[in-house]
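If you're wondering where the values come from, they're calculated on a predicted model, not measured in any experiment. Note that these values count all heavy atoms, side chains included, but never hydrogens, waters or copies made by symmetry.
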Amino acid sequence: MHYRKIFLTVLISFVTTTFAFAQKEALKVVVNNLAFYKQKGDLKYLASAKKSADSLIITKSDTADIEKNLYRAIVNSSILYVDSLNKLGMPADLLPQTSQLVDKLSGKGKIFRYQSELDYSKRCLANVYIRKGFEFVNNSDFNNAKTSFENAKKYAPGMNQINTYIAFANNKAGNLQDAAKYYSNLLKTDSAKTEYIETASNIYKALGDTAKALQILQKGRKLLPNDRFLLLDEANIYNNKKNYKALEPLIPPLLDINANNADIAFVAAACYDHLNKFDLAESLYLRAIELGGTDFDPAFNLGLLYFKQSVSKKEGSDIQDLGRAIQWLEKANEISPNNVKSLQALQLAYQKSDNLDMLERVNNKLKQLTNQ
């Protein structure tokens, strides 16, 4: 997966204009160093800004000073965001310390006066946690990746893309219930993608909740009605559940977009077969045979279809169907000589046609295979 950065349009650029406390004498050194970094892009100015900001916290009253601590948060979060390779040699706990500082400031009653400054630090932290999350992903550490993405979401709650990362990490970590929840929530947005819908459906199927998987696919197909993969997934569920009435309306579009697919032709034929639509089933079995060549199932099913027709017709009008049934059942037997089902079907067909020689041959073959 690839992640989109949170583009910071205000990276350091507004320190001398929008910060409510920027002109206070004690903070001028910090402000100047931030401005120098913006002009020259040299990390040494961020290091100097941090040194100056840290030096402001001396007494107990300093630790309660919103402005001084907010400046520390701005400097620290800027370093974490900009210096991804840690060229400045910052301590490993700078990220959790800065997060704690930002969380503490967020709870201050008067912090609303400095909302834009606090939001800047939060955006920096969100981007850092996203970056850390994908470092964990690259190392297949999906539990820590999930935690990192969740931290990012805390600081950038409006960035819906982070939900995708959390869902992905949960799925990879085996937290299927949580992953399904996040992917399901993604479907409520206007930016729902096929991959989200398919993944959510697959997760619910893995959990054994086929009904929920089907609900996800149906909702997804309303959002993306022309998506061939979602159509196929929904059709597969109906086919596996043998719900041929529900499958029937999906057959025409399935065939339209899979005109040369033998498997789709066979599924369509079997659907019509179970719905007793003989002509449609017959033509699609023949199509599946044409496309599939030596596939056993369409030849066998076509043989059974003709045999059922011969049994259902009046005596004397069933000869042609019985002959076709034997033809295709024998074809299926050629493809899979030891298949018991095809031999048993041939046994019935030979009995009906009074072909005693072939009946005896099939009976002997069945005895060998079934030890009876």
Practice item. Name all pairs fulfilling the side-chain hydrogen bond (donor to acceptor under 3.5 Å, both in side chains) condition that reach into residues 244-256, sequence neighbours left out, sorted by first residue then second. Key: Glu248-Lys277
Exercise for review: Please indicate whether Glu360 has more than 12 foreign heavy atoms, meaning atoms of other residues, nucleotides or ligands, lying under 6.0 Å from its CD.
Suggested key: no
Review point. Under a 4.5 Å cut-off applied to non-hydrogen side-chain atoms, are Ser184 and Ile216 in contact?
Key: yes
Review point. Does the distance from a Lys or Arg side-chain N to an Asp or Glu carboxylate O, for Asp54 and Lys50, drop under 4.0 Å?
Key: yes
Review point. What pairs with Gln347 under side chain to side chain donor-acceptor pair (under 3.5 Å), at least two apart in sequence or on another chain?
Key: Asn363
Check your understanding: With a 4.5 Å heavy-atom cut-off, do Leu43 and Tyr37 have their side chains touching?
Key -> yes
Point to revise | Residue pair Asn143 / Asn175, side-chain heavy-atom distance below 4.5 Å | key: yes
Review point. Considering only heavy atoms from C-beta outward, does the side chain of Val102 approach that of Tyr155 to under 4.5 Å?
Key: yes
Review point. Nearest 0.5 Å, what's the CG-CD1 distance between Leu125 and Ile130?
Key: 11.0 Å
Review point. What is the distance from atom CG of Asn144 to atom CZ of Phe136, rounded to the nearest 0.5 Å?
Key: 4.5 Å
Check your understanding: Considering only heavy atoms from C-beta outward, does the side chain of Leu46 approach that of Asn33 to under 4.5 Å?
Key -> no
Point to revise | Intermediate values then yes/no, side-chain hydrogen bond (donor to acceptor under 3.5 Å, both in side chains), Tyr183 and Thr164 | key: CA-CA 7 Å; Tyr183 276 117; Thr164 309; over 6 Å; no
Practice item. Mark yes when over 12 heavy atoms from residues, nucleotides or ligands other than Gln177 sit less than 6.0 Å from its CD; otherwise mark no. Key: no
Review point. Just wondering, are more than 12 heavy atoms of other shown residues or ligands nearer than 6.0 Å to NZ in Lys172?
Key: no
Review point. Hey, does Phe229 have a side-chain heavy atom less than 4.5 Å from the side chain of Ile197?
Key: no
Point to revise | Criterion side-chain hydrogen bond (donor to acceptor under 3.5 Å, both in side chains) on Gln115 and Asp119, from CA distance to verdict | key: CA-CA 6 Å; Gln115 196 61 52; Asp119 288 346; 3.0 Å; yes
Check your understanding: What distance do Tyr114 atom OH and Leu70 atom CG have between them, rounded to the nearest 0.5 Å?
Key -> 8.0 Å
Point to revise | Of all pairs that satisfy salt bridge (charged side-chain N to carboxylate O under 4.0 Å, His left out), the ones with a partner from residues 78-107, not counting sequence neighbours | key: Asp103-Lys154
**Study point:** Proximity of Phe134 and Phe149 rings by center, below 6.0 Å
**Key:** yes
Review point. Do Lys40's NZ or CZ and the ring of Phe36 fall within the cation-pi criteria of under 6.0 Å and 45°?
Key: yes
Revision key, fill the gap. Residues 323-334 vs side-chain hydrogen bond (donor to acceptor under 3.5 Å, both in side chains), sequence neighbours excluded, gives Glu330-Tyr350
Check your understanding: To the nearest 0.5 Å, what is the distance between NZ (Lys181) and CG (Asn170)?
Key -> 8.0 Å
Check your understanding: Tell me, do Pro298 and Leu302 make a side-chain contact under 4.5 Å, heavy atoms counted?
Key -> no
**Study point:** Non-neighbouring partners of Asn260 that pass side chain to side chain donor-acceptor pair (under 3.5 Å), sequence neighbours left out
**Key:** Arg287
Exercise for review: Please test Tyr120 against Ser77 for side-chain hydrogen bond (donor to acceptor under 3.5 Å, both in side chains), starting from the C-alpha separation and ending with a verdict.
Suggested key: CA-CA 9 Å; Tyr120 165 80; Ser77 60; 5.5 Å; no
**Study point:** Salt bridge flag under 4.0 Å for residues Lys146 and Asp178
**Key:** no
Exercise for review: Identify, with sequence neighbours excluded, every residue that meets side chain to side chain donor-acceptor pair (under 3.5 Å) alongside Tyr306.
Suggested key: Glu282
Review point. How many angstroms lie between CG in Leu34 and CD1 in Ile74, if you round to the nearest 0.5 Å?
Key: 7.5 Å
Study note, to complete from the structure: Between the CG atom in Leu176 and the CG atom in Asn171, the distance rounded to the nearest 0.5 Å is 6.0 Å
Review point. Are Ile203 and Phe142 linked, directly or through other ILVMFWY residues, by side chains that come within less than 4.5 angstrom of each other?
Key: yes
Practice item. Report yes if some heavy atom in the side chain of Leu101 is under 4.5 Å from a heavy atom in the side chain of Gln97; otherwise report no. Key: no
Practice item. Please check if the side chain of Asp273 supplies one atom and the backbone of Ala269 the other of a donor-acceptor pair under 3.5 Å. Key: no
